[in-house]
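Labels below follow one simple rule: chain letters A, B, ... track the order of the sequence lines, proteins then strands, and each chain is numbered from 1.
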Protein chains: 2
Amino acid sequence: MISHRPERLFEHERHSEAANRKSDIRGTYDERLNRILEAATGLIARVGYGRASMRAVAKEAAVSLAGLYHYFDSKERMLFLIQTRAFNSLVNNLREKLLGVTDPVEQLRVMVRAHVGHFAANMAALKVCSHELDSLTGAAHDEARRLRRDYYDLTRGIVDRIYDEHTPESTLDRHVATMCLFGTLNWLYRWYDPKRDRSPTTIANQISSQFLHGVLGVSNRGC
Amino acid sequence: MISHRPERLFEHERHSEAANRKSDIRGTYDERLNRILEAATGLIARVGYGRASMRAVAKEAAVSLAGLYHYFDSKERMLFLIQTRAFNSLVNNLREKLLGVTDPVEQLRVMVRAHVGHFAANMAALKVCSHELDSLTGAAHDEARRLRRDYYDLTRGIVDRIYDEHTPESTLDRHVATMCLFGTLNWLYRWYDPKRDRSPTTIANQISSQFLHGVLGVSNRGC
DNA sequence: AATGACCGTATGTACGTACGTTCGGTTTTT
DNA sequence: AAAAACCGAACGTACGTACATACGGTCATT
């Protein structure tokens, strides 16, 4: 079913046309949508998607219940937007930081640093992404999986190159190795507390080092 | 509020007293409770706790909706029982397998093998444990956390001993190392498919090796 | 310059439903 | 006959969503 409601595509057509004219007191359409999505993200991260009622989201975002449905046509669509934005931002950020880095070992360090850093800066969003993938269904679920798949492929490519360059004869399963890394990274939301624990950079360094030593079997600095 | 419904305590008081007199009652009661909990576990693992309605659980377990409430006084209590049983079984199994193993490196191998093996044999239950901790509230939540804490302490002890014996001067954070391991293990439910992937033993070996190389920085076999 | 059609934004309210839980009673077991 | 196990039917509620409406701008027409 195709919605007749607005929900414009960001950074696409209609954007300039509408935004150029006037930036309201309450901000542009995208700004307001962002504000709402951020409020929703925080609430969902706190209580879970199932228990985050649209009424509670509305209260959190300081809009009326009906007002929410001006920005998306269903609760699931809202969750989809949250996940899509977070993941796109994660992947784009990573792609950008990888520019010019050719050594695969360094690429992995960059990838882990980018992930942990992005996590520390957007904890709620990444928590929602880690926890609520299966709350999406149908096409939205497929699309969310596709985004994850891109991220996996990117990382898997780095892992492959590390193996090929350093231990091409290794019998370790590269898929398993990659999933172990993702497990380590995606589990962060269960325990990492930036107030209590060490800095994201420190954590990232330890994770990188452990992973690299783990797959290479030896230190990559000297030894 | 204290329930007046049955829900006997397993392996506690009442056990001998009741079991000696009429062993088949207790047996059948627990068997039936188990059957119900297993059905619920499978459903919750499939669709999530929030979307697993008591009506659906009842259908899955082939009992009436009201009949469920003969075994526990609330949905949350049901989830609590599922998690408690799975975790107790996990920890007891591990404690047993650790008997007589003194080398901490070997202890870690045993721990990982036990976890992966237990996971492969009880995927639904461990998936629920990994995913639905926060669906518990109040005292049940505290108790579930306590069980996890025991598991953490057990593992952390092994990690500590590995560090102390092999790299006492290492600056790696042992808490972070332990949480990375848990991340790797607890993320299994997101990707591991026993039909598609290698055997649990193979996976466990790779995880152990990677982790050990990771924290030791060198191979523990030769090198 | 005034008018009026139109659109985007926002709201209050109500509908239908699915949920967790309870109650009173019936069947089954001991 | 007492107790345990189980059930059908209902209750109250909270939820996602739809509907009817209103306000304030924009813009083409007058």
Side-chain angles (χ1 to χ4, degrees), chain A residues 1 3-9 14-15 17-36 40 43-44 47-80 135-137 140, chain B residues 1 3-8 14 18-36 39-40 43-44 47-80 135-137 140:
Chain A
M1 191 191 102
S3 163
H4 64 284
R5 289 177 183 275
E7 194 192 297
R8 295 174 190 157
L9 302 169
R14 282 226 234 182
H15 186 291
E17 177 193 341
N20 285 349
R21 254 200 310 255
K22 187 153 196 175
S23 53
D24 264 355
I25 302 173
R26 325 233 266 200
T28 65
Y29 176 88
D30 269 19
E31 278 166 8
R32 277 172 291 178
L33 175 54
N34 261 327
R35 218 172 34 79
I36 291 176
L43 183 66
I44 294 175
V47 308
Y49 175 71
R51 273 174 291 278
S53 74
M54 290 303 264
R55 284 166 177 81
V57 170
K59 200 161 287 178
E60 190 93 357
V63 224
S64 72
L65 175 59
L68 281 185
Y69 285 88
H70 186 68
Y71 291 91
F72 20 78
D73 56 9
S74 74
K75 188 186 183 188
E76 186 174 338
R77 181 82 190 165
M78 180 182 79
L79 179 63
F80 175 74
S135 299
L136 296 173
T137 65
Chain B
M1 191 193 105
S3 163
H4 63 285
R5 288 176 185 276
E7 196 193 296
R8 295 171 190 160
R14 285 222 232 183
N20 287 348
R21 248 194 332 231
K22 325 171 179 184
S23 56
D24 34 354
I25 287 187
R26 216 200 84 87
T28 50
Y29 177 87
D30 266 18
E31 274 167 19
R32 274 176 291 188
L33 175 55
N34 262 327
R35 213 171 39 78
I36 291 176
L43 182 66
I44 294 174
V47 307
Y49 175 71
R51 273 174 291 279
S53 74
M54 291 302 264
R55 284 167 177 81
V57 170
K59 201 161 286 178
E60 190 93 357
V63 226
S64 73
L65 175 60
L68 281 184
Y69 286 85
H70 186 67
Y71 290 90
F72 21 78
D73 56 9
S74 75
K75 188 187 183 188
E76 186 174 337
R77 183 80 190 165
M78 179 182 80
L79 179 63
F80 174 74
S135 299
L136 295 174
T137 64

A:Arg51: what forms a side chain to side chain donor-acceptor pair (under 3.5 Å) with it, not counting sequence neighbours?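 With sequence neighbours excluded, A:Arg51 shows a side chain to side chain donor-acceptor pair (under 3.5 Å) to B:Ser135, given in chain and number order.
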
Can you check the [X] [atom1] to [N] [atom2] distance for me, whole Å?
X: B:Leu65; N: C:dT22; atom1: CG; atom2: P; result: 11 Å
X: B:Asp73; N: C:dC23; atom1: CG; atom2: C1'; result: 16 Å
X: B:Met78; N: C:dT21; atom1: CE; atom2: C1'; result: 13 Å
X: B:Leu33; N: D:dA5; atom1: CG; atom2: C1'; result: 13 Å
X: B:Asp30; N: D:dA5; atom1: CG; atom2: P; result: 11 Å
X: B:Phe72; N: C:dG20; atom1: CZ; atom2: P; result: 12 Å

With respect to the phosphate group of [N], does any side-chain polar atom (N or O) of [X] fall under 4.0 Å of OP1 or OP2?
X: A:Arg32; N: C:dA10; result: yes
X: B:Tyr71; N: D:dC6; result: yes
X: B:His70; N: D:dA5; result: yes

Heavy atoms from C-beta onward define the side chain here; which of [options] lies closest to that of [X]?
X: A:Met54; options: D:dT17, C:dG20, C:dT11; value: D:dT17
X: B:Ser74; options: C:dT21, C:dT11, D:dG16; value: C:dT21
X: B:Ala66; options: D:dA5, D:dA9, D:dG8; value: D:dG8
X: A:Arg55; options: C:dA14, C:dG20, C:dT11; value: C:dA14
X: A:Tyr69; options: D:dA10, D:dC7, D:dT17; value: D:dT17

Apply side chain to side chain contact (heavy atoms under 4.5 Å, CB included) to the pair A:Tyr71 and A:Arg77, showing each step before the final yes or no. CA-CA 10 Å; A:Tyr71 291 91; A:Arg77 181 82 190 165; over 6 Å; no

Hey, what bend do you get for the helix from C:dA1-D:dT30 to C:dT30-D:dA1 if you fit axes on five pairs at each end, rounded to 10°?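 Here the helix ends are tilted 10° relative to one another.
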
With nearest nucleotide decided by heavy atoms, which residue, A:Ala52 or B:Leu68, maps closer to the 5′ end of DNA chain D? B:Leu68

